[in-house]
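Below is one structure, written out as structure tokens; the observations come after it.
This one's a predicted model, so the numbers in the text were calculated from it and none came from an experiment. In each ligand, atom 1 is the first atom listed, and ligand 1 is the first ligand listed.
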Amino acid sequence: MASRTIEVSVFDLIVFGGTGDLAARKLIPALYHRDCAGQIPAGARIIGVSRRAMTRDAYIAFVEKSLRDHVTDEVADQDVQKRFLSRISYHAADAVSSEGWEELSAAIASEPERVRAFYLAVGPDLFKPICEHLAAFNLVTEQSRVVLEKPLGSDGASAHEVNEAIGKVFREPQVFRIDHYLGKETVQNLMAMRFANRMFEPIWNAMHIDHIQITVAEDLGVGERAGYYDTSGALRDMVQNHMLQLLCLVSMEPPDKFDADSVRDEKLKILKALSPITPANAGQLTVRGQYRAGANAGGAVPGYLDELALAGGKAKGEAESDTETFVAIKAEIANWRWAGVPFYLRTGKRLAERLSEIVVTFRPISHSIFAESAGVISPNRLVIRLQPDEGVTLQMMIKDPGPGGMRLRQMPLDMSFAKVFGVRNPDAYERLLMDVMRGDQTLFMRRDELAAAWRWIDPIRAAWATGRELPKVYTAGSWGPSAAIALIERDGRNWFEDVQ
Ligand code: BG6
């Protein structure tokens, strides 16, 4: 089945951090895929910017390498590649001085009417100086927009400062704060499932749902990102943004329309309704962990501190850190729909496998008409798989086929999107980049949402700091510290394991 594309108008995309890791791994391949799909209009320009002096040829070589490394052979097409490369140019400009800005400005100025997107794939300390230079060189037009990568601050106060600085140059409708989880197919499907089907919404509440689990597990460690990661940790790297966004989408009230403000208004209400985590309850409601050396499917893997030492040029055993690489949280949404329903969140590096899913466990049936010999009646579960193998499974009770009386068993009603649709699953950045060009902010975070997320996260970090407890150790390749298992088992529940 061919996927449908929606036209975007001709644009200039200026990528700050154009020689960086995000550009190589995500942005360039995403734009190439959109070009393959015929969605990039003739005349669109992609301009890489970084501090480094580089010829266009050298930048083209960087882009070609990105395509070789991150685009599979099936979509590697010589003609498209030629067309794609013809759109690319490079300019050196320094974020914190005026060096190079005159030239950059001259390169863009020829097309003042077209959509102009400034993508800041750089550290947040550069957001302010870049925006100031954009303003000083009169580069911000009515049709301009700015795209901000996370992390957007390291706490509420620093996020506020960044947003203030950006707000002086761009109006809020021009600001696109990316959370790439919102561009994932299954995350959008979550909204389709909830709001385009009659059957879920009437039972999507505390009366019928026992609890919800959200797991974002990664098998990789922090590797070369150890330096950055150590200043962040799993709470800020994953929970403040991706996990909370998933929580919002699974729990929000139906927006009256599928448009940017209606959706974001509803998400904001959830963030505001999250019960606070304080020094008094953090020990009961949160677990943080840090991995030690262990093994996964690929063999032995080092521990976090060794990776950190290596990244910092130190010898093994010389790094110290209490940064968490794993977090589990029992969250509650204090509103009419969800009072009393726990939301168990967990995320971590170097876990047993790469797996992201939302599991909705319904309450048991109110009365069984079957004899005990029919077997146990398990509660229904809806498993929404984000990755790998995107899809949805509804676990239901059915009669075991054949003679022998009424014997019940649980079976999955399974829909794997890859099998059903047989199309390549577009990367989140493909969708989000095109939304930027269209000016659609539905899948981007609004400033007040971000502030509300930090208001819930900051006290958790403060509580950990007060408790002075070190992160619990877990072995790489496991499912995290045993305290995370206890967190849910104390409530008589288990982390979901798909045994089908
Ligand atoms: C990023 C985090 O935002 O998301 C990374 O900074 C993490 O630490 C990544 O690995 C996970 O994204 P995905 O799409 O691979 O699940």
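- Sorted by first and then second residue, the salt bridge (charged side-chain N to carboxylate O under 4.0 Å, His left out) pairs with a member in residues 268-277 read E266-K269; sequence neighbours excluded.
- In this structure E324 satisfies the salt bridge (charged side-chain N to carboxylate O under 4.0 Å, His left out) test with no other residue, sequence neighbours excluded.
- D155 is linked by a side chain to side chain contact (heavy atoms under 4.5 Å, CB included) to A157, S158, D458, R461, counting only residues two or more places apart in sequence or in another chain.
- Ionic pairing of R446 and D261 is present here: one or more N-O contacts between side-chain nitrogen and carboxylate oxygen are shorter than 4.0 angstrom.
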Between ligand 1 and the protein, tabulate every N or O atom pair separated by less than 3.5 Å, reporting distance only.
unit_1: ligand 1; atom_1: 3 (O); unit_2: K150; atom_2: NZ; d: 2.8
unit_1: ligand 1; atom_1: 3 (O); unit_2: H242; atom_2: NE2; d: 2.7
unit_1: ligand 1; atom_1: 4 (O); unit_2: H242; atom_2: NE2; d: 3.4
unit_1: ligand 1; atom_1: 6 (O); unit_2: K150; atom_2: NZ; d: 2.7
unit_1: ligand 1; atom_1: 6 (O); unit_2: R225; atom_2: NH2; d: 2.9
unit_1: ligand 1; atom_1: 6 (O); unit_2: D237; atom_2: OD1; d: 2.6
unit_1: ligand 1; atom_1: 6 (O); unit_2: D237; atom_2: OD2; d: 3.3
unit_1: ligand 1; atom_1: 8 (O); unit_2: R225; atom_2: NH1; d: 2.8
unit_1: ligand 1; atom_1: 8 (O); unit_2: D237; atom_2: OD2; d: 2.6
unit_1: ligand 1; atom_1: 8 (O); unit_2: K349; atom_2: NZ; d: 2.6
unit_1: ligand 1; atom_1: 10 (O); unit_2: E218; atom_2: OE1; d: 2.5
unit_1: ligand 1; atom_1: 10 (O); unit_2: E218; atom_2: OE2; d: 3.3
unit_1: ligand 1; atom_1: 10 (O); unit_2: K349; atom_2: NZ; d: 3.1
unit_1: ligand 1; atom_1: 12 (O); unit_2: H180; atom_2: NE2; d: 3.1
unit_1: ligand 1; atom_1: 14 (O); unit_2: H180; atom_2: NE2; d: 2.8
unit_1: ligand 1; atom_1: 14 (O); unit_2: K184; atom_2: NZ; d: 2.6
unit_1: ligand 1; atom_1: 16 (O); unit_2: Y181; atom_2: OH; d: 2.5
unit_1: ligand 1; atom_1: 16 (O); unit_2: Q387; atom_2: NE2; d: 2.7

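- Look at R447 and E164 and you find a salt bridge, because one of the NZ, NE, NH1 or NH2 atoms lies within 4.0 Å of a carboxylate O, short of that distance.
- R25 and D69 are not joined by a salt bridge, as no carboxylate oxygen comes within less than 4.0 angstrom of a charged side-chain nitrogen.
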